[in-house]
Amino acid sequence: MASDEVKVIGAWASPFVMRPRIALNLKSVPYEFVQETFGAKSELLLKSNPVHKKIPVLIHADKPVCESNIIVEYVDETWSASGPSMLPSTPYDRAIARFWAAYIDEKWFPSLKSILKAEGEEEKKAVLAQVEEGNALLEKAFIDCSKGKPFFNGEHIGYLDIAFGCFLAWLRVTELAGGHKLIDEVKTPSLSKWAERFCNDPAVKPVMPETATLAEFAKKIFAKPTA
Amino acid sequence: MAKEVILLDFWPSMFGMRTRIALREKGVDFEYRDEDLRDKSPLLLQMNPVHKKIPVLIHNGKPVCESAIQVQYIDEVWSHKNPILPSDPYQKAQARFWVDYIDKKMYEAQRKVYASKGEEQETGKKEFIEILKTLESELGDKPYFGGDDFGYVDIGLIGFYTWFPGYEKFGNISIEAECPKLIAWAKRCMQRESVAKSLPDSEKVTEFMAMLRKKFGVE
């Protein structure tokens, strides 16, 4: 591999994999997308991420970087001259962005996933309430972070936009499956507008799967084996 | 008048220890406040409404939550001395990866070692030793995780060292036998003033763990 070539090991449906791809697109960095087969891990993946054996992995000049949010910061720092900064300019605002990204991964996404897996009305109601609570927090966070600008990061898409926005396709699939709107003009007006801006951005569009395609895929992987 | 930097913390917390060490590495004067976690202060609840957890770093009235985020914040604000994160983006990504690894793996595993019994404890012990061996392998023959200089990953891990005697006592394991290089590394870190000042006495931590075991009903 040439000394500065970039590869992303991943899968089209994974929101985590979308993160480094969006970041690379924002910096106009060409890369080879190496897709893993669902259910089988390649030699390259196991060699590049021996600790977690998970996607995404970014390989730059033969050196692997793992963990999606860490990869985004790496891309931002390495190609800092190729596009606007993905993190805010002050240490405090950066700490806030990192806080919400961590919250999204540790609390928000697990509760979103549980909606699709929830069995029975009671459980579904409880998880939905959790997600809605989280969305309310993120709606406020958006207002605080964006300070009137179009994105969490201000004028341009950044780290926190990517950390949250990558889940929008799965969010739409969950809404369809459950018949419940999670992000909309009434409950989360700012996030609703932000979501549209984010999904239509040229750096995001090519890597965000179509809701219908993702819904089909979700049916397959969440299919419960018949007794 | 209130100090510019306040740390809401809990003395045995290996996460709080990270922030204490980082502040001391930078020579930052701060007010340490110990929280009673069964009766959290209004300030804690106000400053960390999302998680209601310690540590919380309050700088000029504004809160920063999550220990790893606090350490990065401290490194960026007080950038004049003792850099904590490497400046090279690749090295930085590696440092972040390992602290993230510690955050994802250590806490659950170590809890099982001293606060569970039977099958759960045996599984926990195996996992815990695996994790320590992985970290030891990453350390290799370097004096510190980042190389010659004390840094982010060292700060991320060293707080757990005060809990080691407790794991050994209640888990019936010998960490020194399993991971001698890691113990050597820990002793090296303890030589550092910022670490020695920020870590509580191991004996007190072990007593605290004994109390928790009673509370969890494993004693």
Side-chain angles (χ1 to χ4, degrees), chain A residues 4 6 20 23 27 48-54 57-81 86-108 133-134 136-138 140-141 144 159-160, chain B residues 5 15 19 22 26 47-53 55-79 84-105 107-108 130-131 133-135 137-138 152-153:
Chain A
D4 55 0
V6 181
K27 300 286 191 179
S48 310
N49 191 358
V51 174
H52 297 302
K53 306 175 176 53
K54 284 182 169 178
V57 180
L58 177 96
I59 307 182
H60 181 208
D62 288 320
K63 297 195 290 189
V65 182
C66 307
E67 293 303 306
S68 58
N69 284 334
I70 292 175
I71 298 173
V72 172
E73 288 212 58
Y74 173 79
V75 169
D76 191 37
E77 290 158 13
T78 303
W79 289 279
S80 54
M86 290 187 215
L87 274 128
S89 54
T90 71
Y92 188 75
D93 289 341
R94 283 200 286 277
I96 297 296
R98 289 173 180 143
F99 172 88
W100 287 112
Y103 168 82
I104 286 160
D105 280 0
E106 281 154 38
K107 297 263 160 79
W108 186 86
E133 206 183 297
L137 284 175
L138 290 162
K140 180 165 189 302
D144 292 340
Y159 176 81
L160 183 52
Chain B
V5 180
F15 301 104
T19 313
K26 303 293 189 169
M47 292 285 148
N48 191 358
V50 175
H51 301 299
K52 306 176 174 60
K53 284 180 165 178
V56 178
L57 179 75
I58 308 173
H59 184 201
N60 289 327
K62 298 202 292 186
V64 179
C65 305
E66 298 297 303
S67 60
I69 294 175
Q70 290 159 359
V71 175
Q72 292 184 76
Y73 173 80
I74 291 165
D75 197 34
E76 290 168 17
V77 172
W78 290 280
S79 52
I84 292 172
L85 273 123
S87 50
D88 171 66
Y90 185 72
Q91 298 303 329
K92 216 186 259 196
Q94 295 310 300
R96 286 178 173 143
F97 174 86
W98 286 105
V99 171
D100 178 72
Y101 174 82
I102 293 162
D103 281 353
K104 284 186 160 99
K105 303 274 191 174
Y107 191 73
E108 262 318 296
E130 270 291 319
I131 292 163
K133 287 195 160 153
T134 304
L135 288 163
S137 162
E138 175 56 25
Y152 191 57
V153 184

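Computed from a predicted model, the values in this text were never measured in an experiment.
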Q: Please report the shortest heavy-atom distance between Pro89(B) and Tyr74(A), naming the atom on each side.
A: O-CD1, 3.5 Å
Q. Are more than 12 heavy atoms from other residues, nucleotides or ligands located less than 6.0 Å from atom NZ of Lys54(A)?
A. no
Q: Measure Gln70(B) against the heavy atoms of chain A and call it side chain, backbone, both or neither at under 4.5 Å.
A: neither
Q.
Which heavy atom of Val65(A) sits nearest to which heavy atom of Ala93(B), and what is that distance?
A. CG1-CB, 3.8 Å
**Q.** Salt bridge flag under 4.0 Å for residues Arg96(B) and Glu67(A)
**A.** no
Q: Measure the shortest side-chain to side-chain distance between His52(A) and Lys105(B) over non-hydrogen atoms and say whether it is less than 4.5 angstrom.
A: yes
Q: Would you mind checking which part of Pro63(B) comes under 4.5 Å of any heavy atom in chain A, side chain (CB onward), backbone (N, CA, C, O), both or neither?
A: both
**Q.** Pairs of heavy atoms under 4.5 Å with chain B: top-ranked of Gly134(A), Pro64(A), Ala102(A), Ser80(A)
**A.** Pro64(A)
Q: Nearest 0.5 Å please: distance from the CH2 atom of Trp98(B) over to the CD1 atom of Ile70(A).
A: 11.0 Å
Q) Given a strict heavy-atom distance threshold of 4.5 Å, which part of Arg94(A) is in contact with chain B: side chain, backbone, both, or neither? A) side chain
Q: Select one option (side chain, backbone, both, neither) describing which atoms of Val51(A) are under 4.5 Å from chain B's heavy atoms.
A: side chain
(Q) Using heavy-atom distances under 4.5 Å, tell me whether Lys62(B) contacts chain A through its side chain, its backbone, both, or neither. (A) both
Q. For Trp100(A), is it the side chain, the backbone, both or neither that has a heavy atom under 4.5 Å from a heavy atom of chain B?
A. side chain
**Q.** Selection from Val50(B), Val64(B), Thr134(B) maximising heavy-atom pairs under 4.5 Å formed with chain A
**A.** Val50(B)
Q. Looking only at heavy atoms, what is the nearest atom pair of Pro91(A) and Val77(B), with distance?
A. CB-CG2, 3.7 Å
